[in-house]
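Below: one structure, written as C-alpha cells.
Both ligands and their constituent atoms are indexed starting at 1 by order of listing. Basis for what follows: all heavy atoms, side chains included, without hydrogens, waters or symmetry-related copies.
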Amino acid sequence: MSFPHLLKPLDLGFTQLKNRVLMGSMHTGLEEEKGGFEKLAAFYRERAAGGVGLIVTGGISPNLRGRLAPHASQLSFPWQVKRHRIVTDAVHGAGGKICMQILHAGRYGYHPFSLAPSALKAPITPFKPSAMSARQIRSTIKDYATSAKLARKAGYDGVEVMGSEGYLINQFICSRTNKRQDEWGGSFENRSRFPLEIVRAIRAAVGSDFIIIFRLSMLDLVEEGSSWDEVVALAKGLEEAGVTIINTGIGWHEARIPTIATSVPRGAFAWVTERLKQEVHIPLIATNRINTPEIAEQILASGQADMVSMARPFLADPDFVNKAAAGQSELINTCIGCNQACLDHTFKMKRATCLVNPRACYETEINFPKTSQPKKIAVMGAGPAGMAFSIYAASRGHNVVLFEAKGEVGGQFNLARKIPGKEEFDETIRYFNNQMRQTGVELRLNTRLDASVLNDEDFDEVVIAAGVVPRAVKLPGFDSPRVVNYQQVLNGEVRVGQKVALIGAGGIGFDMAHYLGEKDSTTLDPKRWRDQWGIDDAYEARGGLKAPIKEPAERTIYLLQRKTTPMGKGLGKTTGWIHRTVAKMHGVVQMNGVSYESFDEQGLHIRVNEETKVLDVNTVILCAGQESNRSLVAEMEATGKPVHLIGGVDVAAELDAKRAIRQGAELAMRI
Ligand code: FAD
Ligand code: NAP
Ligand code: SF4
C-alpha cells in the first residue's frame, strides 16, 4: 500500500513540513537526567532521520510553579537555552523540524506550590493548588511568551502550547475548575481569555515566521467540560490570535474513560477533529490511537484532518515513516498501546522506553554492532524473549537457529491476543516474524529442542527461552475436568460453563474476566465501544459525555484472590483502573482475602473472613500465576555448552513481555 496523503508536504506559508506526520509530545525522563539532553538529542535525531515531518518535545514549563514535578524541566532564562541547542541541532542535522511544548501543569503539578484558576484539588494528585491572583495570571502569560522567545533562540521551529488534557489552560477554559468571578472566570468569554492572551503574547514575541501549535481540548470527557459550541468558538479565536496549527486533545487525565490504552479502537477520536474541520481554516491534527500508516492514511484521505499525530508509535519504531514511504509497513514495529514501558514508567518517575523496542530512549546505550566472532547459537522457544534475542543476535551477524515446539511463533502472546482489547498483540508477532526473515534467523517450527538435537549439531552456545507453565493448585476436587487453567480455555481445549470462578486476580485473572464477560470485542466495534464508555459523538452534553449503555452479562463470574490488598493493585499504573472498570461493567464479583478449600457438585468452597461460603459455579479457572519451564535446563547444561536463560524460564515471578524482550535484547548485545 502507498500513503500519498500521509507523505504529502504541508505548506505553512513561511515554512514547509515534508509530510503530514507529527511526532506527538512525550515526556521521556531524559529531560531531567544528568547528561540527559545528549541522550535526548540521540533519541530525537533517530526519529528525524526516520522521516518524521515535525517533532514536538515533552512538556517544558514556562515558570517554576508550572512544573509537573519539583525537578521537572523549565525554560525561563537565557542560560537554559544552551542545552536545548543540542537537541535542535541534532534534529536539524537529520533533516527534521522540532517544536518545544510549553506546558504549565496547573493543579496537576505534583508539588505543594501548584497554582490553578481556583483552589480545587485534582482527584489524581495529593496537592491542593492555590488560586492564582490576577497578577500571577498576567505574569504567567508573560512567562509563556518569554519561554517561546527563548525556544526560538534555542533553534526550535516553533512551540506547541499545551491547552488540553486538564492542564492549566484547560483548567481556565472549563467551569469545572474555574470558579473565578473576575475577568478570568464566569462567562465563556472570560474563561477563554487566558489561552487567547497567551497566544497573542507568544505571537508578538516570536514574530510571524514561527510555528505555534495549540493543543486544544476538543473533547474533555469530564463533567462540566466544554460544550461543542465553546470548542468551536475557542478554535476560531485561536486562529484569529495567530495559531498556525491546532492539535487535538482528548480527555483530561482525570477522565474515567480510556483515551490511549490498547483497548481503545484505532483512530477512535478522529471524528472529533473532523467536526472541527468545517469551522476553521488552519490545519488540524488528529490524535489518539493512530498507530499504523494505514489508519493514518485513511484519516487524511477521508478529510478528517490535515495531519496526524503519533507519539508512542515513534517509541516503538523510529523508522515508521521511512518504512511506510518504502512500501514496507509490514516491517514497522507497531505500538500496541500497552503503556507498560512508556507512561507507566513516567508516572513512576522512571525513564520511558518501549515494551516492543527496548532501545527507545536508550539509543546511546543499547546497540547491536556487528560481531567479529560470529557464533552458531541454538535458541529454545519463540516467545517474546526468544524472538527478541534471535533478531538482535542475528542482526549482529550471529548464526541463530530458533526452535519452537509449537507450529507458530509468539509464545504466550498467542494467548494474550485473544483477550478482547489486546488484538494489537498480533502486530508484535507479525513484526518479529518479518524481522526474523529480514535478519536471517533460521526458524524451526514444530521442533522441540533438547540435548539430543544439540549434540547432533555443532552449536557454540544455547539460549533457553522456554517460558513458563501455569501454576497448578492441588486441593480436594481440583482434579475434576471442570477445574482447568487459563491456557486450556484460551486454546479452546475446554468448554466453560455459565458460572465461573477465577482463582487468581493478577493481570491474567483480570484478562480472563474480560474474555469471559465480553461477547465480541468492543475494541473492534467503535460504536459499541463509545456506548460502553458513555462517549457521545452527537456531542449534546458538555464534555461529550452520555450515560453508558450496559450490555447484558455473558456469565456469572467470580474473581478471587487470597491477599487482602485491593483487587487489581498490581496492574499497570495507567491501565489498572481500566481493567477494574471493565470487570465492574461485566458484573464480575471481586473478592479478596479468600482461602480456597475444595470443589464439588455444589461449587467452589471458600473461606472469607473466617466464614465458609460455597460459590455456585460449574467451572473453576486457575489463573494462579506461573512457574519457570525448567524441565530441560539441567540436560542442556550437561552438554557442556554455555547456556543462557532469558524470560520466564529465568524468573517467572512478575514476568511480563517488557522484561522478556529486554532480557533478550541485552543478552544479544553481550553474546
Ligand atoms: P513464552 O511466551 O512462554 O514463550 C516460551 C516459548 O517456548 C513457547 O512458545 C513454547 O512453546 C516454547 N518452548 C518451550 N519449550 C520448548 C522446547 N523444548 N523447544 C522449543 N520450544 C519450546 N505480558 C505483558 O507484558 N503485557 C500483557 O498485557 C500481557 N498479557 C498477557 C495476557 C495473557 C492472557 C497471557 C497468557 C500472558 C500475558 N502477558 C502479558 C505475559 C507475556 O505473554 C509473557 O510474559 C511472555 O510471553 C513471556 O515470554 P517468554 O518468551 O519468556 O515465554
Ligand atoms: P500474577 O500477576 O503473579 O498473579 C497471580 C495470581 O495468582 C495472584 O492474584 C495471586 O494472588 C494468585 N496466586 C498465586 N499463587 C497462588 C496459589 N498457589 N493458589 C492460588 N492463587 C495463587 O500472574 P499472572 O496473572 O499469571 O500474570 C503473569 C504476568 O503476565 C504478570 O506478571 C503480568 O505482568 C503479565 N500480564 C500483564 C498484563 C497487563 O495488562 N499488563 C496482563 C496479563 C498478564 P494471591 O496470592 O493473593 O491469591
Ligand atoms: Fe506503545 Fe507499549 Fe511501547 Fe508504550 S511501551 S510505546 S504503549 S508498545
Report the part of V649 in contact with ligand 1, treating N, CA, C, O as backbone and CB onward as side chain, heavy atoms under 4.0 Å; options are side chain, backbone, both, neither.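 None of V649 does.
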Where on M387 is there a heavy atom closer than 4.0 Å to ligand 1, on the side chain, on the backbone, on both, or on neither?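 Neither part.
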Selected option - heavy-atom contact closest to [atom], from [options]:
atom: atom 19 (N) of ligand 2; options: R659, R562, K569; value: R562
atom: atom 45 (P) of ligand 2; options: K563, Q626, H579, K658; value: K563
atom: atom 18 (N) of ligand 1; options: I508, V379, L449; value: L449
atom: atom 34 (C) of ligand 1; options: V453, V489, L490, I464; value: L490
atom: atom 9 (O) of ligand 1; options: K658, E408, E404; value: E404
atom: atom 5 (C) of ligand 1; options: A465, G411, G506; value: A465
atom: atom 32 (C) of ligand 1; options: L571, T428, D511, D450; value: D511
atom: atom 14 (C) of ligand 1; options: G572, G648, A466; value: A466
atom: atom 37 (C) of ligand 2; options: G504, G421, G507; value: G507
atom: atom 28 (O) of ligand 1; options: R444, R448, K422; value: K422
atom: atom 29 (C) of ligand 2; options: T564, L655, D656; value: L655

Can you list the atoms of ligand 2 that are under 4.0 Å from a heavy atom of E654?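 Matching atoms, with element in brackets: 32 (O).
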Can N414 be said to touch ligand 1, with heavy atoms closer than 4.0 Å?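 No, N414 has no heavy atom closer than 4.0 Å to ligand 1.
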List the closest protein heavy-atom neighbour of [atom]: residue, atom name, distance to the nearest 0.1 Å.
atom: atom 37 (C) of ligand 1; value: Q412 OE1, 3.6 Å
atom: atom 53 (O) of ligand 1; value: G467 CA, 3.3 Å
atom: atom 4 (O) of ligand 1; value: G383 CA, 3.4 Å

Does any N or O atom in M380 lie less than 3.5 angstrom from one in ligand 1, N or O only?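 No.
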So if I apply the side-chain contact (heavy atoms from CB on, under 4.5 Å) rule between F314 and each of V321, N357, I55, which one comes out positive?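 The passing option is V321.
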Determine, counting only non-hydrogen atoms of the protein, whether one lies under 4.0 angstrom from [atom].
atom: atom 3 (O) of ligand 2; value: no
atom: atom 45 (O) of ligand 1; value: yes
atom: atom 40 (C) of ligand 1; value: no

At a threshold of 2.8 Å, where the distance has to be below it, does atom 1 (Fe) of ligand 3 have an N, O or S atom of C354 nearby?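 No - counting backbone and side chain alike, C354 has no N, O or S atom under 2.8 Å.
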Using a strict cut-off of 4.0 Å, indicate which atoms of ligand 1 neighbour a heavy atom of A416.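 Heavy-atom distances to A416 below 4.0 Å select 30 (N), 31 (C), 32 (C), 33 (C), 34 (C).
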For ligand 1, which atoms have a heavy atom of V468 less than 4.0 angstrom away?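 The list of qualifying atoms is 3 (O).
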Proximal atoms of ligand 3 relative to [X] (non-hydrogen, under 4.0 Å):
X: I336; answer: 1 (Fe), 8 (S)
X: G337; answer: 1 (Fe), 7 (S)
X: C342; answer: 4 (Fe), 5 (S), 6 (S), 7 (S)

I want to check a possible cation-pi pair here: R662 against Y362, using under 6.0 Å from ring centre and within 45° of the ring axis as the test.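 Yes, R662 sits over the ring of Y362.
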So that I know where these two stand, are H579 and H514 an aromatic pair - ring centroids less than 6.0 Å apart?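 No.
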Indicate, as side chain, backbone, both or neither, the part of M512 found under 4.0 angstrom from ligand 2 when only non-hydrogen atoms are considered.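 For M512, no heavy atom sits under 4.0 Å from ligand 2.
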